[in-house]
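Below is one structure, written out as structure tokens; the observations come after it.
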Number of protein chains: 2
Amino acid sequence: MLHEEVVGRIRAILLDGEIPPGARIPERELCDRLQISRTPLREALKVLAAEGLVQLLPHRGSRAAKLTDKDMRDLFEVCQGLEALAGELACERINDAEIGEIAAAHADMVQRYREGDLIQYYRGNRAIHEAIVAAAGNPALTGLYASVTARIRRARYVTPMTPQRWAFAVKEHEAILNALQRRDGAGLSHILRAHLRHKREEVLQAGFAETEASDLALRIA
Amino acid sequence: MLHEEVVGRIRAILLDGEIPPGARIPERELCDRLQISRTPLREALKVLAAEGLVQLLPHRGSRAAKLTDKDMRDLFEVCQGLEALAGELACERINDAEIGEIAAAHADMVQRYREGDLIQYYRGNRAIHEAIVAAAGNPALTGLYASVTARIRRARYVTPMTPQRWAFAVKEHEAILNALQRRDGAGLSHILRAHLRHKREEVLQAGFAETEASDLALRIA
DNA sequence: ATCCCAAATTTTGCATTCAAAAATGTAAAA
DNA sequence: TTTTACATTTTTGAATGCAAAATTTGGGAT
């Protein structure tokens with residue numbers, strides 16, 4: 001079993017919320033499940049801790065990272081900065097084919113919106129944001145963006161939306177595509193920031209501070 | 001020996017260039033030197049690989065990461081974005097005491113410039129940039145900035161300078177301090193970008209693409 | 001019944017060990 | 001002499017073992 005695969009699988013488990021934020025990560029169980037010994041598992045946990053997805057407590061094991069409102073705000077801020085930068089760079093470097101792909105993804109997303117399919121809408125939404133970042137042609141940026149977005153993904157793409165906000169978000173996306181097609185870097189950067197700022201406000205207002213595992217258990221019960 | 005300490009010490013060894021970019025990392029030797037076994041060492045190497053300082057080659061060991069011109073350009077771009085963001089946030093949040101500290105650091109740096117002490121000038125320079133980022137009050141940003149700057153530090157703070165460029169850089173820093181004192185976020189952001197773009201041009205023009213370890217050995221020989 | 005402290009158990013962190021893969025060295029053939 | 005095939009050594013990646021730390025459990029005192 002390859003090292004990267006172990007990291008990827010545990011990351012997936014954490015992002016799926018299978019181990020909820022704040023919950024203890026059961027080493028032994030994961031070892032059994034992934035059919036590996038503790039050595040590669042612990043290496044993976046250290047890597048994920050460096051990424052911010054796991055919290056290591058000396059002599060007390062590891063927990064799925066739990067984000068406070070402040071953490072969430074901070075990460076959204078950074079994400080804004082990264083997307084704004086990506087937008088500017090993308091406008092300088094993107095070619096017509098890539099714009100075509102993004103336009104297609106946009107059309108698909110709008111269709112999902114019309115169908116009222118929030119899950120698929122979010123999926124398309126995310127694909128567009130990732131495509132813009134990819135179009136910046138900067139792997140270092142892409143990597144950092146991936147790491148930051150992974151941490152706020154659940155908040156960003158799981159929050160319920162009001163019809164008004166959803167409609168507004170779609171409008172913003174029209175503007176995003178438009179700016180991209182006009183290669184208006186400054187404009188795109190500006191819209192992306194606003195877009196993400198609105199998303200952040202939604203998320204924080206929805207009280208998406210990640211709850212303790214115990215709280216979560218209580219809620220479910 | 002604490003896990004973080006091992007990571008920190010190896011990081012220092014890499015940043016000092018004691019193991020030059022591209023060179024193989026001698027596991028056994030480092031184990032002896034740090035008085036640890038391979039298990040914690042390998043955990044640390046995996047973490048540093050996630051940070052981008054180490055390159056892992058399956059079944060072929062690890063090497064100190066070697067940056068191409070493109071890598072360097074990309075990282076400088078990201079660094080620009082992060083500093084620009086930090087500048088804007090800092091202007092919103094910084095208090096007079098913090099500005100005073102940065103002003104003092106600036107004065108000290110200018111003094112070093114007058115003395116012609118490049119090493120100390122760079123040290124002060126770095127302290128100012130880090131203080132601005134810290135003033136943004138965003139730990140997520142601070143962490144990302146640290147990780148990105150670590151990778152380009154050698155290029156950024158080791159490149160020799162012409163008197164003209166040095167003088168110009170000092171001028172830019174005057175403008176940086178000025179914008180900060182006026183809490184002009186947009187202005188500061190703009191200046192920081194330009195400042196870093198100039199630095200990047202210097203670095204890339206100086207041909208600071210990191211050389212193979214073998215090349216380095218040949219050069220020395 | 002509750003609280004507190006000590007013993008037992010579990011869990012963590014690291015060293016050691018083991019198997020597999022790669023690198024190296026050697027010898028034979030072209 | 002050069003090249004190639006093979007055996008040996010080294011190094012890597014992962015499992016296991018062991019000591020220390022933390023958590024849990026049980027018993028006794030209040």
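Computed from a prediction, not measured in an experiment: that's the story for all the values here. Chain letters run A, B, ... following the sequence lines, proteins first, then strands; residues in each count from 1.
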Practice item. Report the distance from atom CZ of A:R42 to atom C1' of C:dA15, rounded to the nearest whole Å. Key: 12 Å
Exercise for review: May I ask you to say whether A:K199 pairs ionically with A:E202, meaning some side-chain N is under 4.0 Å from a carboxylate O?
Suggested key: yes
Check your understanding: Of B:I25 and A:P40, whose nearest nucleotide on DNA chain D comes first from the 5' end?
Key -> B:I25
Exercise for review: Look at the aromatic rings of A:Y113 and A:W166 and report parallel, tilted or perpendicular, splitting at 30° and 60°.
Suggested key: perpendicular
Review point. Are any of A:R24's side-chain N or O atoms less than 4.0 Å away from OP1 or OP2 of C:dT12?
Key: yes
Review point. Looking for any heavy atom pair under 4.0 Å, which part of the strands does B:R28 touch: base, sugar-phosphate only, or nothing?
Key: nothing
Review point. What about B:T39, does its side chain sit under 3.5 Å from the base of C:dA15 through a donor-acceptor pair?
Key: yes
Check your understanding: Less than 4.0 Å between a side-chain N and a carboxylate O, is that true for A:R193 and B:E88?
Key -> yes
Review point. Given that B:H3 and B:P58 both sit by DNA chain C, which one's nearest nucleotide is further toward the 5' end?
Key: B:H3
Review point. Can a donor-acceptor pair under 3.5 Å be found between the side-chain atoms of A:R38 and the base atoms of C:dG13?
Key: yes
Point to revise | From B:L85 atom CG to A:Q80 atom CD, the distance as rounded to the nearest 0.5 Å | key: 8.0 Å
Check your understanding: Considering only side-chain heavy atoms of A:S37, which listed nucleotide, D:dT16, C:dT16, C:dA22, is closest?
Key -> D:dT16
